[in-house]
K.L.:
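So that we are looking at the same thing, I have put the structure below in C-alpha cells.
Per chain, numbering begins at 1; letters A, B, ... match sequence-line order.
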2 protein chains.
Amino acid sequence: MSILKRKKEEESTEQKIITAARKLFTQKGFDAVKTRDIAEEAGINLALLNYYFRSKEKLFEIIMGESLETFFLGFSNIVNDEKTTYTKKIEQIVSNYIDMLLKSPDTPLFVMNQVRANPKRIEAKKIFMNSYFMKQLQAGIKTGEIAPMNVVNLMLNIVSLSIFPFIGRPIFQAGEGSITDEQFIELMMERKKMIPKWIEATLKVK
Amino acid sequence: MSILKRKKEEESTEQKIITAARKLFTQKGFDAVKTRDIAEEAGINLALLNYYFRSKEKLFEIIMGESLETFFLGFSNIVNDEKTTYTKKIEQIVSNYIDMLLKSPDTPLFVMNQVRANPKRIEAKKIFMNSYFMKQLQAGIKTGEIAPMNVVNLMLNIVSLSIFPFIGRPIFQAGEGSITDEQFIELMMERKKMIPKWIEATLKVK
DNA sequence: GTCTATATACGGATAGAC
DNA sequence: GTCTATCCGTATATAGAC
C-alpha cells in the first residue's frame, strides 16, 4: 500500500480530533461542547485528547484561529489589490464570502459569538478604512460617480447581504414547508450574481 | 407610599431574577451562564432562583420566549396589514427592527444561536410566504412595477441590511480607532432612513 | 420568602497499565 | 500511542433552619 493511499484512508489521530473539534465547536460554541463529545465524534478516547492537546482551551484556540483566518484573510487580500476597479472588488468580496460560507456555513455565527465573548484585536474596520478599496470609493464620490454616502454603511451593506442569509438560515429552514438544502444553495448562487448589481444600484441613491 | 411608587422602587424578587437572567442569557447563552452568576447579578441567593423557577432550564425558556416574541411579533403584524402599500411596509419593517435592536442589541445573536442549537417551530418563512405583503410584491412583479426577482431574496435583503450590523457590531467595535457607541447609533439612524431607499433601488435591477 | 449548608452529578484532566 | 479507571473541582439543585 502506498504512503499516499494510507494518508487518505487513515487520517492521523491528531487530525481526527481536530476535525471533530472543528465540527462541534463551530456548531455549538465552547461551553456547550464537552471534551467527551469531541472524543466520541473523533472515535477515540478522552485521554488521547489531552495527550495531543493539553487542554480543551488549547484545542479551541486552534479551531478559532482557523476560523478567523478563513473569515478575514480573503477579504484583506481582495480589498488591497491596486489592479482591480472598485466594481470588481465588490464582485470578488461577495463571491469570496458566499463560496466560503457554502463550504463552512457555521463560521460566521461562531466568529461573532467568540468576538463578543472575548473582544480581541480584530481590527476589521481598520483593514477596511486603510484599504485601497476605500480610497477608490472616496474618489468615486468626489467625481460624482457614486452618490455621497457613508462608506461604512456601504461596506456594511456588502457584508450584510452576503453573510446574513447564512446566519439566519436555521430560521428559514425551520418548520414545515421550508426550503430544502438544494433550494438554499440555489438561492445563494443567485445572490452571488445579484448582490453586486444591487449594490451598484444603491450607489446611485441620493 | 403609593402602590405605584413602591412598584417602581422595589422590583419584586421574581422580577429581579428575570431581569438578571435576561441580561446574562442574551449576552452569553445558556451554557456559559452559571445559576450563581444570575443570583449574584440579581442580588439574591442561589436557592431563591430554584424556589421561583424550578430549574435553570425553565428560567431560560421564559427568556427565550420573550426574545422570540420581540423578534417576530412586530414583523407579523406589519406584514399582514391590508391598508398599507408594500413600500410603506418595507419602511415599517426596517424601522421596527432597528428601533427594537437599538434597545435589545443582543437579541438576534441569542435567537440565532438558540434556533440552530434547537430547531423549534419558528415558521418565519411561512409567516412571510402567506402574508399580504407577499401578495402585494407578486402583484408588483406582474405589472412590471417591480423587476422580476425571487421574493425570498428580496425579503432576505430587507432583514439582512437591518439586522446584520447588530450581529457584526462586536467586530466593527473591536480594536483601536473603532467607532464609539454614539457613532454606531448615528450610523443606524442613517440606515433607518436609507435602507428603504436602497431596497427601492434594487427593485428596478434586472 | 429568604437564607446556609449540603447532596449529587457532571466535566476536565491525569495516573498508570499495556 | 492508546486505553481504563479515577481524581477533583465546579455547577445544579434541594433540605431544612429561620
K.L.:
Of the nucleotides C/dT2, D/dT2, C/dG11, which one has an atom closest to the side chain of A/T13?
P.N.:
D/dT2
K.L.:
What is the distance, rounded to the nearest whole Å, between atom CZ of A/R36 and atom C1' of C/dG12?
P.N.:
7 Å
K.L.:
Can you measure B/L24 atom CG to D/dA11 atom C1' for me and round it to whole angstrom units?
P.N.:
15 Å
K.L.:
Rounded to the nearest angstrom, tell me the gap between atom OH in B/Y51 and atom P in C/dT4.
P.N.:
17 Å
K.L.:
For B/Q136 and B/K89, run side chain to side chain contact (heavy atoms under 4.5 Å, CB included): C-alpha distance rounded to whole Å, both residues' side-chain angles, the deciding distance at 0.1 Å, then the answer.
P.N.:
CA-CA 10 Å; B/Q136 289 176 301; B/K89 285 190 180 64; 2.8 Å; yes
K.L.:
Can you tell me the distance, in whole Å, between the CD atom of B/E14 and the P atom of C/dT2?
P.N.:
10 Å
K.L.:
Taking it one step at a time, do A/T202 and A/W198 satisfy side chain to side chain contact (heavy atoms under 4.5 Å, CB included)?
P.N.:
CA-CA 6 Å; A/T202 69; A/W198 292 329; 5.6 Å; no
K.L.:
Taking only side-chain N and O atoms of A/T35, does any of them lie within less than 4.0 angstrom of OP1 or OP2 on C/dG12?
P.N.:
yes
K.L.:
So which nucleotide from C/dG1, D/dC3, D/dA13 ends up closest to the side chain of B/S55?
P.N.:
D/dA13
K.L.:
Just how far is it from atom CD of B/E61 to atom OG of B/S55, taken to the nearest 0.5 Å?
P.N.:
7.5 Å
K.L.:
Closer than 4.0 Å, any side-chain N/O of A/N50 to the OP1 or OP2 of C/dA13?
P.N.:
yes
K.L.:
Measure CG/A/N45 against P/C/dC18 and give the value in whole Å, please.
P.N.:
16 Å
K.L.:
For A/F53 and C/dG12, what is the distance between atoms CZ and P respectively, to the nearest whole Å?
P.N.:
16 Å
K.L.:
Would you mind telling me which of D/dT4, C/dT2, C/dG12 lies closest to the side-chain atoms of A/K56?
P.N.:
C/dG12
K.L.:
Any salt bridge between A/D31 and B/K28, counting N to O under 4.0 Å?
P.N.:
no
K.L.:
Rounding to a whole Å, what distance do you find between B/L49:CG and D/dT14:C1'?
P.N.:
13 Å
K.L.:
Rounded to whole Å, how long is the line connecting atom CD of A/E40 with atom C1' of D/dC3?
P.N.:
16 Å
